[in-house]
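Chain identifiers are assigned alphabetically (A, B, ...) following the order of the sequence lines, protein sequences preceding nucleic acid strands; residue numbering begins at 1 within each chain.
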2 protein chains.
Amino acid sequence: MKKKEIIKLPENTKYEQLVNTSYNLFMRHGIKRISVEEICQEAGISKMTFYKYFKNKIELAKFVLNKIFNDQMKVYRNIMKEKTSFEKKIEKVILMKHESTEFISKEFFNDLTKNPIEEIAGLMKQFHEDSIKEIMNDLKKAQKKGELRKNIKPDFIFYFLNGIQLMAEDENLSKLYSTPNELIMELTNVFFYGILSNKNVT
Amino acid sequence: MKKKEIIKLPENTKYEQLVNTSYNLFMRHGIKRISVEEICQEAGISKMTFYKYFKNKIELAKFVLNKIFNDQMKVYRNIMKEKTSFEKKIEKVILMKHESTEFISKEFFNDLTKNPIEEIAGLMKQFHEDSIKEIMNDLKKAQKKGELRKNIKPDFIFYFLNGIQLMAEDENLSKLYSTPNELIMELTNVFFYGILSNKNVT
DNA sequence: ATTTTAATGTACGATATTTGTATATTTTAT
DNA sequence: ATAAAATATACAAATATCGTACATTAAAAT
């Protein structure tokens, strides 16, 4: 007789405790530095309970990252729904991006880019592509509405966005900034404001 | 033929690099979480060089803590030398204490109190006693000058200060505050302002 | 009250990481 | 060219972490 496969998932206090504390710990110290036992201690649960909900630390990290990503995209979509100018929206998005990465420590960022755990790296790539797709869509719409220069090819924008991602991962470039946030902020800034339709350009 | 025992210590770039980066890493993550290799990588030195200057991580940590303590005491003494009212000085000291612990992460604090490495704990105790002694002295002086209530026994103040230290280490008390800083701030506040001479009291 | 279920604590072998040192190589200054 | 200082690499020994098994306790359901 095997054990039941169905586990009542959410709304569980222990479960939420686990997710929340690991979220905080990961944010402050990255994934590598945090041990399962530390998470359990901090969350006030036993190790066995941990392994009931998550196969291992990586799975938990993936879940947490998912949460972060989805939360961010939710905010992004809400901003895009607003009825202000495209320029204002972009401004807000940049600000949002900046603020949301503000608690993300250098070590967390490094865990995700420099010495990434294989699985996590894949997840991050997925997230990146998804967000690119969605943003691209919005950009195309904006272009049609004349809020962006018409003479920029969507493909160019796509590769430029990828370039930004790569640049953000370049440690030589990173060295020029005291925090990853600064670099990312700068890059997105250049990206968005650099391609904003000049009022005199067709 | 043994190697020379004398090593030219300071002003060395590598040496300073080592001390500074470890200071930063310790502050952000505590001692336990940081490995020697990580320090070396971050500082851009080899492990061999590390072990030339410091016997091990603990010794380095002790050195760094020493530096922090001495720097703090220097600031304290400078404040005490000023020619304002005792009340104002205390205010400044509290502020200084608060600010100096502001970069000290929760994890660093925990390393020093909750699960302390034996040697480090001893050092911290020493620091604590030294500072108590010095502060006590200043308090006695202030008492003589009538800036503090005369009817408080120095011994009481001594034990009260110890009590503060203990309270700061009590994790049940800590839970009431989001950061250790807040708790410490509160405690010192109560201590200093609670015993400040009421203008109507002899 | 008794049974089921869920959570915990302890212990443990298997891995993985970290430590501190030895050795050979490279760099720097003289 | 030579000596002194720093580095890279490799490594055994010590530690830490992982994931699981088992016995125990706590809570919930019957």
Side-chain angles (χ1 to χ4, degrees), chain A residues 1-22 25-26 29-64 107 110-111 114-120, chain B residues 1-22 25-26 29-64 107 110-111 114-120:
Chain A
M1 226 145 289
K2 295 278 169 155
K3 60 188 168 184
K4 300 181 193 171
E5 297 300 335
I6 297 132
I7 297 167
K8 63 167 176 176
L9 261 190
E11 289 119 36
N12 191 325
T13 304
K14 298 275 173 190
Y15 179 79
E16 284 173 353
Q17 197 74 7
L18 174 55
V19 170
N20 288 335
T21 49
S22 54
L25 287 173
F26 287 157
H29 300 292
I31 295 164
K32 216 178 54 189
R33 249 186 266 273
I34 301 301
S35 71
V36 171
E37 252 173 10
E38 187 172 5
I39 294 171
C40 292
Q41 251 181 317
E42 196 76 14
I45 65 168
S46 76
K47 229 196 311 183
M48 294 307 298
T49 312
F50 177 101
Y51 283 107
K52 164 166 282 174
Y53 289 121
F54 297 98
K55 195 184 155 209
N56 53 37
K57 193 173 73 177
I58 303 302
E59 291 303 313
L60 170 60
K62 278 158 70 177
F63 179 84
V64 168
E107 4 299 329
N110 282 346
D111 263 19
K114 276 173 71 175
N115 14 309
I117 301 149
E118 191 59 43
E119 295 216 60
I120 302 284
Chain B
M1 224 149 289
K2 295 278 169 161
K3 57 187 171 184
K4 303 180 191 171
E5 298 300 337
I6 297 133
I7 297 169
K8 62 166 176 178
L9 259 192
E11 287 121 40
N12 189 325
T13 305
K14 299 275 173 191
Y15 179 79
E16 284 173 354
Q17 197 75 6
L18 174 56
V19 171
N20 288 335
T21 49
S22 52
L25 286 173
F26 287 158
H29 301 291
I31 295 164
K32 215 178 53 186
R33 253 188 267 272
I34 302 300
S35 72
V36 171
E37 250 175 10
E38 188 172 7
I39 294 171
C40 292
Q41 252 181 315
E42 195 78 8
I45 66 170
S46 77
K47 229 197 310 187
M48 294 307 298
T49 312
F50 178 102
Y51 285 107
K52 166 168 279 174
Y53 290 122
F54 296 97
K55 196 184 155 209
N56 53 38
K57 194 174 74 177
I58 304 300
E59 290 303 311
L60 170 60
K62 277 157 73 178
F63 179 84
V64 169
E107 1 301 325
N110 282 346
D111 264 19
K114 274 174 71 176
N115 13 310
I117 302 150
E118 192 61 41
E119 295 217 61
I120 303 285

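Remark: C1' of dA16(D) and CZ of Arg33(B) are 14 Å apart, rounded to the nearest angstrom. Note: CD (Gln41(A)) to P (dT17(D)) measures 10 Å, nearest angstrom. The NZ atom of Lys32(B) sits 10 Å away from the C1' atom of dA16(D) (whole-angstrom rounding). Note: CD (Glu59(A)) to P (dG19(D)) measures 10 Å, nearest angstrom. Separating the NZ atom of Lys52(B) from the P atom of dG20(C) is a distance of 17 Å, rounded to the nearest angstrom. When the P atom of dC18(D) is taken as reference, atom CG of Leu60(A) falls 12 Å away, rounded to whole Å. Between the C1' atom of dT18(C) and the CG atom of Leu25(B) lies a distance of 16 Å, rounded to the nearest Å. At whole-Å resolution of the value, CZ in Phe54(B) and P in dT21(C) are 15 Å apart.
With the end axes of the helix from dA1(C)-dT30(D) to dT30(C)-dA1(D) each set by five pairs, the angle from one to the other reads 40° at 10° resolution.
With sequence neighbours left out, Thr49(B) forms a side-chain hydrogen bond (donor to acceptor under 3.5 Å, both in side chains) with Ser46(B). For the side chain to side chain contact (heavy atoms under 4.5 Å, CB included) test, residues two or more places apart in sequence or in another chain that qualify with Asn56(B) are Ile58(B), Glu59(B). With sequence neighbours left out, Phe63(A) forms a ring-ring contact (aromatic ring centres under 6.0 Å, His included) with Phe54(A). Taking Glu37(A) as the reference, Ser35(A), Lys47(A) meet the side chain to side chain contact (heavy atoms under 4.5 Å, CB included) condition, with sequence neighbours excluded.
In this structure, Leu60(B) and Phe26(B) have side chains that are in contact, with non-hydrogen atoms separated by less than 4.5 Å. Between Glu38(B) and Arg33(A) the shortest side-chain heavy-atom distance falls below 4.5 Å.
OP1 or OP2 of dT17(C) has not a single side-chain nitrogen or oxygen of Ser35(B) nearer than 4.0 Å. Checking the phosphate oxygens (OP1, OP2) of dT7(D), a side-chain nitrogen or oxygen of Lys14(B) falls inside 4.0 Å.
Nearest to the side-chain atoms of Ser46(B) among the listed nucleotides dT7(D), dA5(D), dT19(C) stands dT7(D). Comparing atom distances between the Val36(B) side chain and each of dC18(D), dG20(C), dA6(C) picks out dG20(C) as nearest.
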Could you write out each protein N or O paired with an N or O of nucleotides 13-15 of chain C at a distance under 3.5 Å?
none

Check: protein-nucleotides 25-30 of chain C nitrogen or oxygen pairs below 3.5 Å:
none

Tabulated below should be each protein N or O lying under 3.5 Å from an N or O of nucleotides 9-15 of chain D; please produce it.
none

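Closest heavy-atom contact between Ile31(B) and Lys57(B): O-NZ, 3.2 Å.
A distance of 9.0 Å separates NE2 in His29(B) from CD1 in Ile34(A), rounded to the nearest 0.5 Å. Taking OH of Tyr53(B) as the start and CG of Leu18(B) as the end, the distance is 8.5 Å to the nearest 0.5 Å. Remark: Leu25(A) CG to Asn20(A) CG distance equals 11.0 Å, nearest 0.5 Å. Here the SG atom belonging to Cys40(A) is positioned 11.0 Å from the NZ atom belonging to Lys14(A), to the nearest 0.5 angstrom.
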